[in-house]
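Worksheet: the structure to be examined is printed underneath.
Each residue takes its place number in the sequence, starting with 1. Just the heavy atoms: all of them, side chains too, but no hydrogens, waters or symmetry mates, feed the values below.
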Amino acid sequence: MSTVPPADAAIETHGLRKSYGRRAAVADLSLRVPRGEVFAFLGPNGAGKSTAVKMLLDLVRPDAGSALLLGRPPSDAGVRRRIGFLPEHFRFHEWLRADEFLDLHARLYGLDAARRRRRIPELLERVGLLESARKPLDAFSKGMLQRIGLAQALLPEPELLFLDEPTSALDPFGRILVRELIRDLRAAGTTVFLNSHLLSEVEATADRACFIRDGVVLRTVGLRELDAGLVHVEARIAGGGPGLVDDLRRIAPDVRVTAPAGPAGDVAGDRWLELSVPREDLLPAIAERIVASGARLYALTPRRLSLEELFVEIVGRDEGR
């Protein structure tokens, strides 16, 4: 029996496309997720995220393009046994107890009896449900169901884990639990593909984030790079000579004034300026230009862009979608 060397990418897609009638749910999806990374998949409602995940899991067949998971096609039965999935809209077997539910899914994954006896209580404890092991699922709250769904996704000790809105029904303690779990999985070398609207959770756990709209990747950023990336600057000034705004745009192309500027870009009266600069070491030059124009500088406040602000900057505002 031949062995296939492990692929260096957990997920790799080229030109994935899926249309429903005349509407392209996913237009042209190309991305690459290295092994061992927590990868966030972000976009507004209707951006094609759910359809893309279904194609990756072989639940929906693409009209065009290709995908590999752990170096194999998504339809490969062997690779499917190495993948875990927690869907956003889950419906579980409500008549089963929690331990029976996990035992059923463990059998479907092909876990033998000894491994099931070890793995099921281990996971129930990990998601905080060990004391509820013999309770039927119809007695569970939505948050408890989300936790048991997460335990189900972890049964095969997956190399690649898809989590679709994994904290949407959880209280703050549950979110902390999931955050710690994702960090533990990363430390163990598991690749996590994370789809979430809770950008604060993404910012706390993900290594990189991919922004999509209309089924096309707009940009992929490293979230550790975000900490050392664009700096948003707010400056409160009064007065200012002719052309101050244009002069500042030579340093920071994106300069906004909170009230209309005067002729030729003059800034008159008490105003707030907003700028985005690539490096903090440009701040002294900004202050010097403001003062040299004759303006009075009352405040110069830098701060890093949050993931939410970056989302709006890259994707744009959701205009009633």
Min side-chain heavy-atom separation [X]-[Y] under 4.5 Å:
{"X": "Asn195", "Y": "Leu163", "result": "no"}
{"X": "Leu96", "Y": "Leu104", "result": "yes"}
{"X": "Phe193", "Y": "Val53", "result": "yes"}
{"X": "Ile286", "Y": "Leu275", "result": "yes"}
{"X": "Glu88", "Y": "Phe90", "result": "no"}
{"X": "Ile290", "Y": "Leu248", "result": "yes"}
{"X": "Pro302", "Y": "Leu283", "result": "yes"}
{"X": "Leu177", "Y": "Phe173", "result": "no"}

Joint cluster assignment, [X] & [Y], ILVMFWY side-chain distance < 4.5 Å:
{"X": "Leu16", "Y": "Val216", "answer": "no"}
{"X": "Leu185", "Y": "Val38", "answer": "yes"}
{"X": "Ile176", "Y": "Val178", "answer": "no"}
{"X": "Leu129", "Y": "Leu123", "answer": "yes"}
{"X": "Tyr298", "Y": "Leu273", "answer": "no"}

Using a cut-off of 6.0 Å, state whether more than 12 heavy atoms not belonging to [X] lie near its atom [atom1].
{"X": "Lys54", "atom1": "NZ", "value": "no"}
{"X": "Glu122", "atom1": "CD", "value": "yes"}
{"X": "Glu274", "atom1": "CD", "value": "yes"}

Regarding [X] and [Y], does a basic nitrogen lie under 4.0 Å from an acidic carboxylate oxygen?
{"X": "Arg32", "Y": "Asp8", "result": "yes"}
{"X": "Lys49", "Y": "Asp164", "result": "no"}
{"X": "Arg179", "Y": "Glu201", "result": "yes"}

Just verifying a value: how many Å separate [X] [atom1] and [Y] [atom2], rounded to the nearest 0.5 Å?
{"X": "Thr167", "Y": "Leu198", "atom1": "OG1", "atom2": "CG", "answer": "4.5 Å"}
{"X": "Leu150", "Y": "Leu161", "atom1": "CG", "atom2": "CG", "answer": "7.0 Å"}
{"X": "Arg17", "Y": "Asp28", "atom1": "CZ", "atom2": "CG", "answer": "8.5 Å"}
{"X": "Leu102", "Y": "Gln152", "atom1": "CG", "atom2": "CD", "answer": "8.0 Å"}
{"X": "Arg175", "Y": "Ser168", "atom1": "CZ", "atom2": "OG", "answer": "8.5 Å"}
{"X": "Trp272", "Y": "Ile237", "atom1": "CH2", "atom2": "CD1", "answer": "11.0 Å"}

Return the minimal non-hydrogen interatomic distance between [X] and [Y], and the atom names on each side.
{"X": "Gly143", "Y": "Leu170", "value": "O-CD2, 3.4 Å"}
{"X": "Asp207", "Y": "Gly36", "value": "OD2-O, 4.4 Å"}
{"X": "Ser132", "Y": "Ala98", "value": "O-CB, 3.7 Å"}
{"X": "Val26", "Y": "Ala52", "value": "CG2-N, 3.9 Å"}
{"X": "Pro158", "Y": "Thr190", "value": "O-CG2, 3.3 Å"}
{"X": "Thr220", "Y": "Arg208", "value": "CG2-NH1, 3.4 Å"}

Side-chain donor or acceptor of [X] paired with backbone N/O of [Y] under 3.5 Å:
{"X": "Glu288", "Y": "Ala285", "result": "no"}
{"X": "Asp63", "Y": "Ser19", "result": "yes"}
{"X": "Ser30", "Y": "Gly15", "result": "yes"}
{"X": "Arg116", "Y": "Ala106", "result": "no"}
{"X": "Thr13", "Y": "Leu29", "result": "yes"}
{"X": "Gln146", "Y": "Glu165", "result": "yes"}
{"X": "Arg119", "Y": "Leu154", "result": "yes"}

**OP:** Could you walk me through whether Leu42 and Phe311 pass the side chain to side chain contact (heavy atoms under 4.5 Å, CB included) test, one step at a time?
**Re:** CA-CA 8 Å; Leu42 308 178; Phe311 181 97; 4.2 Å; yes

Original post:
Is the Tyr109 to His105 ring centre distance short of 6.0 Å?
Top reply: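 Here the rings of His105 and Tyr109 have centres that are no less than 6.0 Å from each other.
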
Original post:
Run the salt bridge (Lys or Arg N to Asp or Glu O under 4.0 Å) check on Arg115 and Asp112 step by step: do they pass?
Top reply: CA-CA 5 Å; Arg115 193 174 172 196; Asp112 61 34; over 6 Å; no

**OP:** Apply side chain to side chain contact (heavy atoms under 4.5 Å, CB included) to Thr191 and Ile11, showing your working.
**Re:** CA-CA 9 Å; Thr191 307; Ile11 302 172; 5.5 Å; no

**OP:** Cation-pi check, Lys142 to Phe140: give yes when NZ or CZ is under 6.0 Å from the six-membered ring centre and within 45° of the ring axis, no otherwise.
**Re:**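 Geometry flag: not set, cation outside 6.0 Å or 45°.
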
Subject >> Arg219 to Phe211, cation-pi by 6.0 Å centre distance and 45° axis angle >> reply: no

**OP:** Just do the side chain to side chain contact (heavy atoms under 4.5 Å, CB included) check on Leu57 and Ile83 with the steps written out, would you?
**Re:** CA-CA 9 Å; Leu57 292 167; Ile83 294 171; 4.0 Å; yes

Original post:
With Glu157, which of Arg126, Arg118, Arg82, Arg81 fulfils salt bridge (charged side-chain N to carboxylate O under 4.0 Å, His left out)?
Top reply: Arg118

**OP:** Look at the aromatic rings of His93 and Trp95 and report parallel, tilted or perpendicular, splitting at 30° and 60°.
**Re:** perpendicular

Original post:
Yes or no on salt bridge (Lys or Arg N to Asp or Glu O under 4.0 Å) for Asp76 and Arg80, after CA distance, side-chain angles and deciding distance?
Top reply: CA-CA 6 Å; Asp76 184 277; Arg80 290 163 75 91; over 6 Å; no

Original post:
side chain to side chain contact (heavy atoms under 4.5 Å, CB included) between Val192 and Phe39: does it pass, once the steps are laid out?
Top reply: CA-CA 6 Å; Val192 180; Phe39 186 86; over 6 Å; no

**OP:** Kindly indicate, with the supporting measurements, whether the criterion salt bridge (Lys or Arg N to Asp or Glu O under 4.0 Å) is fulfilled by Arg35 and Glu159.
**Re:** CA-CA 9 Å; Arg35 283 177 174 261; Glu159 296 174 48; 3.3 Å; yes

